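Single-structure report; data block below.
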Amino acid sequence: MSLELLYVTSAVSWGGLEMNILRLARKMSEKGYNVSIACNYEGRLYQEIRKSQSENGSQINIIELGSGFFENFRKLCDVLKRRNFDVVHIFRSHDVKLISLVSFWLGKNINAIFEPQIGIGSNKKDLFHRFIYKKIKFVIAPSRDVANGFLKNLPVGKEKVRIIHLGIDVDKFKFREDRREKIRKEFGFKDEVVIGIVSRFSPGKGHEDLFKAFKILSEEIKNVKLLIVGEPTVGELNYAKKLQELEKELGIEDKTVWTGFRRDINDILCGVDIFVAPSHAEAFGLSLVEAMATELPVVATKSAGFLDIISDGENGLFFEKGNYQDLAEKIKFLINNQELAKQLGKKARETAREKFSFEKYISEIENLYFNLTEAKQTEVSDVQYS
């Protein structure tokens with residue numbers, strides 16, 4: 001049975017959330033569902049959808065949103081008055097308010113799902129938020145930590161919260177020696193131990209901790225390099241400049257390589273020896289899972305969504321949040337114990353394949369759609385919180 005799906009995000013930023021929306025929309029379109037995305041015409045997501053339409057003949061329909069609330073309210077009122085969507089899938093708190101008020105204004109029941117893919121840090125159990133969240137049928141959390149935050153801060157009960165881990169194309173991120181040679185040649189790496197990070201440049205991502213840890217390592221181990229993958233998006237340019245200033249302060253600029261934004265992350269990871277995920281409070285961690293699928297030994301912050309991914313000493317190592325000395329010690333341990341590092345990498349790939357494939361994510365999202373629309377009697381399992 002075909003479903004009419006509407007994805008809503010009015011953000012102009014471009015990061016893991018927006019990339020996942022595009023992948024989700026493409027996959028659902030491939031499965032034969034009619035997919036529309038309401039997104040900001042000034043944002044990168046809008047540009048990427050238009051690019052897909054021109055290059056691949058993508059069937060995803062675009063509904064242009066702007067940055068003004070009332071402008072978007074009028075646009076969505078018009079769209080939802082004319083069209084009946086089986087599911088409206090929302091990805092930002094701001095847009096929950098937008099869709100709920102449209103639903104109220106039109107007097108129309110909308111099957112709305114909210115999947116922010118980040119934690120909700122402030123209490124939203126006041127009268128107004130209780131009103132708008134009544135319109136939300138399910139809230140999707142990418143990890144137990146985020147689910148617990150939803151129950152604490154949102155006016156929703158356990159019956160509305162579902163944990164669905166994000167997923168990746170595991171086969172795409174399979175390690176290949178030819179990719180490794182290509183990347184290491186591009187950046188001039190020879191026998192160096194390359195430590196990598198893939199992340200946006202925003203506060204809380206832990207770049208400062210990694211830089212300070214790398215400073216310690218570079219003084220003890222001469223043949224190390226730091227590969228920094230990513231770029232600043234909207235509002236993050238000043239933070240990126242501060243990171244470059246910190247790099248110079250620490251005197252590590254001759255051992256660091258900044259790649260900027262890269263589309264070939266699967267290739268980039270093959271050129272890395274140890275992957276670090278130093279974020280202070282990541283809701284999940286797609287880049288971490290991608291590195292694990294590439295069989296890399298990984299070191300991650302013992303915090304938040306990473307707790308759902310890493311089993312310390314089995315498929316990766318944890319370090320204490322913000323403790324750059326501990327991070328340096330864990331990286332050095334992997335450098336000095338190469339056989340164990342290989343074992344951790346192999347187990348990491350097994351974990352990625354079994355628990356965090358994109359196919360598994362799509363299947364669980366699809367089941368939730370069917371459960372919501374009663375188009376198919378599919379059991380949605382209960383989840384446990386801690």
Side-chain angles (χ1 to χ4, degrees), residues 16 118-121 141-149 152 165-166 193-221 224-230 239 242-243 246-247 249-250 252 255-256 272-292 296-338 340-341 343-345 347-348 351-352 355-356 385-386:
I118 60 172
I120 303 295
S143 65
R144 286 174 295 171
D145 181 76
V146 172
N148 289 329
K152 178 181 178 182
H165 296 305
L166 297 170
V193 177
V194 178
I195 299 155
I197 179 174
V198 178
S199 176
R200 286 170 53 184
F201 297 150
S202 58
K205 291 294 185 179
H207 286 85
E208 297 98 327
D209 301 327
L210 177 55
F211 283 17
K212 292 173 184 177
F214 184 77
K215 169 67 173 177
I216 295 172
L217 287 170
S218 64
E219 291 176 344
E220 298 182 19
I221 303 171
V224 289
K225 290 281 188 177
L226 179 60
L227 189 67
I228 307 156
V229 184
Y239 179 72
K242 288 180 181 178
L243 290 179
L246 177 61
E247 175 198 38
E249 274 180 42
L250 295 172
I252 59 173
K255 290 181 174 289
T256 59
V272 170
D273 295 296
I274 297 170
F275 184 86
V276 178
S279 181
H280 292 181
E282 201 72 37
F284 180 65
L286 274 177
S287 62
L288 173 60
V289 175
E290 290 169 352
M292 292 170 67
L296 290 179
V298 298
V299 184
T301 311
K302 189 178 182 181
S303 176
F306 292 161
L307 297 172
D308 282 23
I309 302 172
I310 297 295
S311 295
D312 195 24
E314 294 183 19
N315 59 4
L317 298 179
F318 276 136
F319 76 96
E320 294 301 321
K321 181 171 69 174
N323 188 337
Y324 63 87
Q325 293 98 337
D326 186 30
L327 174 56
E329 285 299 317
K330 296 297 168 59
I331 297 173
K332 186 166 67 172
F333 177 78
L334 291 174
I335 293 173
N336 293 332
N337 294 273
Q338 294 185 16
L340 175 60
Q343 292 174 14
L344 290 174
K347 186 63 178 178
T351 302
K355 296 184 177 181
F356 307 119
Y385 308 94
S386 60

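Model, not experiment: these values are computed from the prediction.
For the pair Pro278/Phe319, a side-chain contact is recorded, criterion being any heavy-atom separation below 4.5 Å from C-beta on. Considering only heavy atoms from C-beta on, Val272 comes within 4.5 Å of Leu296 through its side chain. No side-chain heavy atom of Thr301 sits less than 4.5 Å from a side-chain heavy atom of Glu282. The side-chain heavy atoms of Ile331 and Leu217, taken from C-beta on, include a pair separated by under 4.5 Å. Within the 4.5 Å cutoff, side-chain heavy atoms of Ile335 are placed close to those of Ile274.
Judged by distance alone, the side chain of Asn315 and the main-chain N or O of Leu344 form no donor-acceptor pair under 3.5 Å. The backbone N or O of Ala283 sits less than 3.5 Å from a side-chain atom of Ser143, completing a donor-acceptor pair.
For the side-chain contact (heavy atoms from CB on, under 4.5 Å) test with Phe275, the passing option among Ile195, Val298, Val299 is Val298; the others fail.
A distance of 14.0 Å separates NZ in Lys321 from CG in Asp326, rounded to the nearest 0.5 Å. One finds the OG atom of Ser279 at 10.5 Å from the CZ atom of Arg200 (value rounded to the nearest 0.5 Å). Rounded to the nearest 0.5 Å, atoms NZ (Lys225) and OG (Ser218) are 10.5 Å apart.
Here Tyr324 pairs with nothing under the ring-ring contact (aromatic ring centres under 6.0 Å, His included) rule; sequence neighbours left out. Partners of Phe356 by ring-ring contact (aromatic ring centres under 6.0 Å, His included), not counting sequence neighbours, listed by chain and number: His165, Phe284.
One finds no salt bridge joining Glu208 and Lys212 here, because no Lys/Arg side-chain nitrogen approaches an Asp/Glu carboxylate oxygen to under 4.0 Å.
Between His280 and Asp209, the closest heavy-atom pair is NE2-OD2, 2.7 Å.
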**Asked** Hey, mind stepping through Asp145 and Asn148 against side-chain contact (heavy atoms from CB on, under 4.5 Å) and telling me if it holds?
**Response** CA-CA 5 Å; Asp145 181 76; Asn148 289 329; 5.6 Å; no

**Asked** Run the side-chain contact (heavy atoms from CB on, under 4.5 Å) check on Val146 and Ile118 step by step: do they pass?
**Response** CA-CA 7 Å; Val146 172; Ile118 60 172; over 6 Å; no

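No more than 12 heavy atoms of other residues, nucleotides or ligands shown are found within 6.0 angstrom of CD on Gln338.
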